[in-house]
**Student:** 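First, the structure itself, so that you have it in front of you.
Both backbone and side-chain heavy atoms feed into the values below; hydrogens, waters and symmetry mates do not.
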Amino acid sequence: MKKEEIKELSIQELQAQIEASEKAYRELKVAHAISPVDNPSKITKDRRQIARLKTVLRQKEIAAKAEASAVK
């Protein structure tokens with residue numbers, strides 16, 4: 001998923017995507033511990049993807065909080 005696609009997601013969609021990505025990441029780590037994965041760089045890519053998702057989620061939460069306080 002590209003950065004532009006991530007930024008278009010809503011907060012709920014981001015949270016769901018993070019949960020799914022973290023689950024897949026954990027399964028990949030376990031599989032890699034048992035027997036080496038064909039492409040070990042996928043572990044790094046998945047971890048970075050999760051970090052991107054969490055960063056955008058946090059940015060949206062901060063923006064929503066700022067907007068809510070500005071309305072008051």
Side-chain angles (χ1 to χ4, degrees):
M1 187 177 285
K2 296 187 179 192
K3 292 178 193 176
E4 295 81 25
E5 295 171 349
I6 292 172
K7 288 182 180 182
E8 293 174 1
L9 297 175
S10 69
I11 291 177
Q12 292 80 14
E13 291 172 333
L14 281 169
Q15 291 170 339
Q17 186 69 33
I18 289 170
E19 288 178 20
S21 295
E22 285 179 337
K23 182 179 182 210
Y25 174 71
R26 284 191 305 269
E27 291 173 359
L28 184 62
K29 288 284 286 182
V30 170
H32 184 64
I34 294 171
S35 65
V37 182
D38 293 334
N39 188 3
S41 67
K42 178 145 176 40
I43 296 171
T44 304
K45 289 178 184 176
D46 286 354
R47 188 175 63 243
R48 289 182 180 169
Q49 181 70 17
I50 292 168
R52 279 189 203 99
L53 289 166
K54 286 183 175 183
T55 300
V56 172
L57 175 64
R58 185 67 182 140
Q59 288 172 343
K60 288 186 180 239
E61 288 173 345
I62 290 170
K65 185 177 179 182
E67 184 177 307
S69 65
V71 171
K72 290 182 180 181

**Student:** Can you list everything that forms a salt bridge (charged side-chain N to carboxylate O under 4.0 Å, His left out) with Lys42? Sequence neighbours excluded, please.
**Tutor:** Asp46
**Student:** Looking at Lys2, is its backbone amide N or carbonyl O close enough to the side chain of Glu5 to form a donor-acceptor pair, meaning the two atoms are under 3.5 Å apart?
**Tutor:**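 Judged by distance alone, yes, a pair lies under 3.5 Å.
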**Student:** Restricting to salt bridge (charged side-chain N to carboxylate O under 4.0 Å, His left out), what partner residues turn up for Glu61, sequence neighbours left out?
**Tutor:**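 Once residues adjacent in sequence are excluded, the partners of Glu61 under the salt bridge (charged side-chain N to carboxylate O under 4.0 Å, His left out) criterion are Arg58.
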**Student:** As an exercise, state the distance from CD1 of Ile6 to OG1 of Thr55, rounded to the nearest 0.5 Å.
**Tutor:** 9.0 Å
**Student:** Rounded to the nearest 0.5 Å, what's the gap from CD on Gln12 to CG on Leu57? Could you check?
**Tutor:** 9.5 Å
**Student:** Could you see if Val56 belongs to whatever hydrophobic cluster contains Ile18? Use Ile, Leu, Val, Met, Phe, Trp, Tyr and a side-chain cutoff under 4.5 Å.
**Tutor:** yes
**Student:** Apply side-chain contact (heavy atoms from CB on, under 4.5 Å) to residues Leu9 and Met1 and explain how you reach the verdict.
**Tutor:** CA-CA 11 Å; Leu9 297 175; Met1 187 177 285; 3.9 Å; yes
**Student:** What residues, two or more places apart in sequence or in another chain, satisfy salt bridge (charged side-chain N to carboxylate O under 4.0 Å, His left out) together with Lys45?
**Tutor:**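 Checked Lys45 against salt bridge (charged side-chain N to carboxylate O under 4.0 Å, His left out); zero matches.
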**Student:** Donor-acceptor pairs are to be reported for all side-chain atoms of residues 20-35 against protein atoms at under 3.5 Å, with residues two or more places apart or in another chain.
**Tutor:**
residue	atom	partner	partner atom	Å
Ser21	OG	Gln17	O	2.9
Glu22	OE2	Lys54	NZ	3.0
His32	ND1	Val37	N	3.2

**Student:** Among residues at least two apart in sequence or on other chains, which ones pass salt bridge (charged side-chain N to carboxylate O under 4.0 Å, His left out) with Arg47?
**Tutor:** none
**Student:** Under the rule for side-chain hydrogen bond (donor to acceptor under 3.5 Å, both in side chains), what residues qualify as partners of Ser41, not counting sequence neighbours?
**Tutor:** Asn39
